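This report refers to the structure that appears directly beneath it.
No experiment lies behind these values; they were computed from the predicted model shown. First the proteins, then the strands, lettered A, B, ... as listed; each starts at 1.
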Amino acid sequence: MQGRWIGLLPAFVLVLFYLVTAPAKAPAHMAQKSHEVGRQIHLISSESASVQWARLATLRNAAPLTATVEAGGDEAAGGSLLNFFRRMADSSWSVGLHESRYAYDLIESVHVWALCLFFGLAVMFDLRLLGWTMRSVPVSEVARRLLPWTVVGFVVMVISGALLFSAIPLRSYQNIFFRAKMIMLTLAGLNVWIFHSGIYRRVATWDVNSVTPKAARVAGALSLVLWVAIVLSGRMIAYNWFDCDRQPQPAIINFLTSCVPTESER
Amino acid sequence: MSLLGFFQWCEQSGIGEAIRKSAWLFPLIEAIHLLGLGLIGGAVLVVDLRLLGLGLRRQSVAQVARDAQPWLLGSLMLMIATGGLLFLSEAIKCYYHTAFWLKMTSLFLALVFTFTVQRKVTMADQTRLRPLWGKVVALVSVLLWSGVGIGGRWIGFS
């Protein structure tokens, strides 16, 4: 089933973002002195094509050379996720989305519309597994006809959601509800995988039962609970109750959001 | 009482006041409203996809509609209850917001359409009905309900 690979979509989008928002300033350890760069350029001609490409990539990341001067004090340097999202927040792409009059609202609307397609139909399938609707329709029939649409909805959700994230990356990354949502998304994906590689393989033996096997009911109930919690926490990302700039917060909140309050904020 | 007067009365109601004063109530009701939206979206789409010939094709339109009916009605009641509470807390803002009136118009049309035209078509004998009509009805239904959902989302944007 092609749906198995769809779980990799978020990772793919993340890589895409990394490429789009490649570091504008060089991290300290990558900054080179101008004479070293000159030497490298000189060396390139005598190297094989693949090594040349590798060097070009390194050079591009290291540019501009002025970074050498300010590298020491650049807080966006370094390879941590926090710095990655900090750089993303500084990119013209992110600022443009964030400050646009309509783009953000339109993407948000697409996200909500796709929620009906994905969440609505996924819930219908879960309800069938629980035997609460369409009891006379074979489970495999509901799966075959509805799950492709949930895949379509999920793709639109991930793309629009990633765009929304890229508009406000740093704050979202440190948002407690966003973090909870990502963890629960992983769990929901795991649940889908376990269901499809487990009890659903033997669907032929229980296809027409109005009361499905216990494993299928557990999968349906888990899915239902997880997706409801994901929608709830997604909606709550908009609220700033636990944001880093609203100190003092309980230590546990600052731990969960990786906030480091300054001395005066404590 | 004028229309604006009614909206002011709603805004000043005790329930509206209580929701405005609480930090948690509005977000919570709004989140439940969003869950209801997903649920109603599913119940509407199952029937519309069937009418378009893209969903549960082996079942009759009438059967799919009957299966979805309780979920449609249930989520509709949840939507109206939570939506009403949200409205009470910010009635004046709604009065001056174009998106609110767009949403209410779409909602009225969607309700009338779903429970008259669409019900007639889904419950009709499919062998005597041209398939094209089912598809037109499904498209109109999706458009109207999308108007309700997206209009609702835009009430939140200033």
Side-chain angles (χ1 to χ4, degrees), chain A residues 100-128 131-150 152-153 157 177 224-225 227-241, chain B residues 23-50 52-60 63-72 74-75 79 82 99 103 141-143 145-158:
Chain A
S100 153
R101 178 71 184 84
Y102 291 115
Y104 190 85
D105 298 359
L106 281 172
I107 300 168
E108 179 94 57
S109 303
V110 171
H111 199 61
V112 171
W113 197 96
L115 176 114
C116 291
L117 189 62
F118 171 73
F119 177 79
L121 294 181
V123 164
M124 283 294 150
F125 181 63
D126 293 339
L127 293 175
R128 173 61 185 94
W132 291 351
T133 188
M134 298 186 273
R135 292 168 74 114
S136 57
V137 186
V139 173
S140 66
E141 182 69 10
V142 181
R144 190 163 53 228
R145 303 295 184 194
L146 294 190
L147 292 191
W149 289 105
T150 68
V152 173
M157 288 305 272
F177 297 112
L224 206 56
V225 169
W227 288 115
V228 164
I230 288 166
V231 172
L232 289 178
S233 56
R235 175 61 259 195
M236 293 298 165
I237 295 173
Y239 295 96
N240 65 347
W241 302 313
Chain B
W24 284 89
L25 269 179
F26 190 90
L28 188 70
I29 301 169
E30 191 185 37
I32 298 171
H33 195 63
L34 186 62
L35 285 176
L37 174 86
L39 205 54
I40 210 170
V44 167
L45 281 171
V46 162
V47 178
D48 287 345
L49 285 174
R50 172 64 188 86
L52 287 168
L54 299 170
L56 293 150
R57 273 181 296 194
R58 288 194 189 166
Q59 281 62 46
S60 72
Q63 191 196 340
V64 175
R66 260 196 306 272
D67 280 334
Q69 179 92 330
W71 296 96
L72 177 70
S75 51
M79 291 303 272
T82 50
K103 172 174 179 164
S141 161
V142 167
L143 280 177
W145 284 111
S146 299
V148 180
I150 293 171
R153 174 59 268 203
W154 281 68
I155 297 174
F157 299 133
S158 47

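- Proximity to chain A is absent for every atom of Trp145(B), based on heavy atoms less than 4.5 angstrom apart.
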key: Stepwise side-chain contact (heavy atoms from CB on, under 4.5 Å) check, Val228(A) with Leu35(B)   = CA-CA 7 Å; Val228(A) 164; Leu35(B) 285 176; 3.6 Å; yes
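- In terms of heavy-atom proximity, Leu56(B) sits nearest to Met134(A) at CD1-SD, 3.6 Å.
- Heavy atoms of Val123(A) lying under 4.5 Å from chain B belong exclusively to its side chain.
- Taking the six-membered ring for Trp and thresholds of 30 and 60 degrees, Trp154(B) and Phe157(B) have ring planes more than 60 degrees apart, a perpendicular arrangement.
- Asp67(B) and Thr133(A) share no donor-acceptor pair across their side chains, judged by distance under 3.5 Å alone.
- Side chain of Trp132(A) to backbone of Asp126(A): no donor-acceptor contact under 3.5 angstrom is found.
- Per-residue counts of heavy-atom pairs under 4.5 Å with chain A were compared for Val64(B), Ile150(B), Leu39(B), Leu49(B); the largest is that of Leu49(B).
- Taken from OH in Tyr102(A) to CD in Glu108(A), the straight-line distance is 16.0 Å, to the nearest 0.5 Å.
- Using a 4.5 Å cut-off between heavy atoms, Leu127(A) contacts chain B through its side chain alone, with no backbone atom that close.
- With a 4.5 angstrom heavy-atom cutoff, Val142(B) touches chain A only via side-chain atoms.
- With a 4.5 Å cut-off on non-hydrogen atoms, Arg66(B) does not touch chain A at all.
- Summarising the geometry of Arg57(B) relative to Arg50(B), their closest heavy-atom pair is O-NH2, 3.6 Å, with the distance given to 0.1 Å.
- The choice from Trp149(A), Tyr104(A), Phe119(A) that makes the most heavy-atom pairs within less than 4.5 Å of chain B is Trp149(A).
- Between Phe118(A) and Trp227(A), the gap from one ring centroid to the other is short of 6.0 Å.
- Only the side chain of Leu146(A) comes within contact range of chain B, with heavy atoms under 4.5 Å apart.
- Neither the backbone nor the side chain of Ile230(A) comes within less than 4.5 Å of any heavy atom in chain B.
- Of the two parts of Arg153(B), only the side chain, counted from C-beta on, holds a non-hydrogen atom closer than 4.5 Å to a non-hydrogen atom of chain A.
- The choice from Leu115(A), Asp105(A), Val231(A) that makes the most heavy-atom pairs within less than 4.5 Å of chain B is Asp105(A).
- No other option in Gly149(B), Gly152(B), Gly55(B) has as many heavy-atom pairs under 4.5 Å with chain A as Gly55(B).
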message = Working note: Leu106(A) + Val110(A), criterion side-chain contact (heavy atoms from CB on, under 4.5 Å); need CA distance, chi angles, decisive distance, verdict.
response = CA-CA 6 Å; Leu106(A) 281 172; Val110(A) 171; 5.7 Å; no
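- Proximity to chain B is absent for every atom of Arg128(A), based on heavy atoms less than 4.5 angstrom apart.
- Neither the backbone nor the side chain of Ile40(B) has a heavy atom closer than 4.5 Å to any heavy atom of chain A.
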